[in-house]
Each structure stands twice: as C-alpha cells, then as structure tokens.
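Counting starts at 1 for both ligands and their atoms, following the listed order.
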Amino acid sequence: MITILYNNVPFDTRLTTAWGFASLVEYGDQVVLFDTGGDGQILLDNMEVLSVDPGRIQSVVLSHAHSDHTGGLATLLRVTSQPPVYLTSSFGHSYIEKARQRTTVIEVTPGQAIAENMLSTGELSGGVPEQALVMRTSKGLVIMTGCAHPGIVQIVEKAIELTGEPVHLVLGGFHLGDKRKAEIAAIVADFRRLGVQRVAPSHCTGDRAIAMFEDEYGDDFLPSGAGSVIIIED
Ligand SMILES: [Zn+2]
Ligand SMILES: [Zn+2]
C-alpha cells in the first residue's frame, strides 16, 4: 500500500497541500518513507490526519537533495526512533556528516536493497542527481520518483535494466512542467514502448503532462495527490 503524505497536488482535502513530495510505502511487514516533503510540521500533521504513526517508519529514502523532498527530515528524526536514511553521495559530505550525527546514513549503489523486494536505482545523473525507489510485486515493478530530474524515461529504463521485470506502475513527480506538448507526447509514447501499465503522476509533473497521461492511460491513470492511497493487489 502506498499513501501519498505530502504533495502540492490536492486529493484528500483534509490534508494540507504544499510544494513537495513524500510517500509512505507499506509492503509486507516493511514501512518505508520515500522523501519527507518541504516542511516537517505539515508532514507530521498530514500523517496525523491519516492516522499514520511516524514511529512505524523503518527506513527513509531521500530521492535527491532539493529541500521540497528533504525539508521534513530533521523534524521526522526528532519524533521517530531514528530510522536509517538512504541517500546518494551527491548530497555532499557536509550534509551526510550532519545526518550521521542523528542516524545511520547509507549512500546507495545501483540495485541497493532498501527492504525485502524494494531496491534503489542508485544515483542517476542528468540535471540534478537522483535515485528512485523500485518495488518488485507480483504485478510487476512499481517505480516511485521524487522529481525525476535525470529524466523519467531514463529512470524507468534503469529499473528494467536492474531487474529485467515488466513495469506495473510509475508514480511521483515526472518533472515535465516546462516541456512542450510534442516533448510530452514523446515521453508518453516511451512509456507505452517500455510497457508501463499504469501511471500516477503528481508533484512537478505539470498540469499539461498530467492531462496527457490521463488521456492516454484512461482507467490506468490513477489520480494522485496529497492523501491518495494506492493499493497494489497481489
Ligand atoms: Zn527537485
Ligand atoms: Zn520536487
């Protein structure tokens, strides 16, 4: 089960929307937080509305070093039992050393295991270096991105390359807000070429790209924003 805890795209109106992304992944007996949003108090408030106990979080994955994804970390670490944080080396020495004073920090490599059936793409370059989270399910891969700065298609290709498995769902920020219509159409076509079955774009994807994915995917487009819950049935 995936619960979007923090997003600028509204969904469940009880939650506060703000620019950024955070998502809770509950899979098997694992509980992983992917990104922390920009503001720790908003993150905690949204968790409370959804009755999510932050103490249950077993690990935290930070996609990339932008504050709309990392801003909630310090607040979160104050109220949890210091779960290990998986980040990439591009966060830089001083950030990593500071985080190490508070908890265990793991710099990921491609295919790094985060939990059972959950792995990292490792750091992808291009624009801002970034990692994505990949879950292996009986339906295929579920790929979660923060901002997809290295390119959403490159991220999907990397997940396929690492696992050799088909892609069930891609969700998160696709970073297409500044793209022209023809460029977005090419990316949507790439998703089909790569066999992506379902999509749930939000955050920095941009309204136009979200609408174009919805047009193409129909029922396989999952509306997502702050408070949406996506259940991957086995
Ligand atoms: Zn970013
Ligand atoms: Zn972002």
Pick one: which of Lys139, His168, Arg192 meets side chain to side chain donor-acceptor pair (under 3.5 Å) with Gln197?
His168
Where does the angle between the aromatic ring planes of Phe21 and His69 fall among parallel (under 30°), tilted (30 to 60°) and perpendicular (over 60°)?
tilted
Using 30° and 60° as the class boundaries, would you call the ring planes of His66 and His64 parallel, tilted or perpendicular?
perpendicular
Decide if the gap between the ring center of His175 and the ring center of His203 is smaller than 6.0 angstrom.
no
Could you confirm whether Cys204 has any N/O/S atom lying under 2.8 Å from the Zn ion (ligand 1)?
no
At a threshold of 2.8 Å, where the distance has to be below it, does the Zn ion (ligand 1) have an N, O or S atom of His69 nearby?
no
Per residue Asp68, nearest N, O or S atom to the Zn ion (ligand 2) is named OD2
Rounded to 10 degrees, the angle NE2 of His64 makes with ND1 of His66 at the Zn ion (ligand 1)
100°
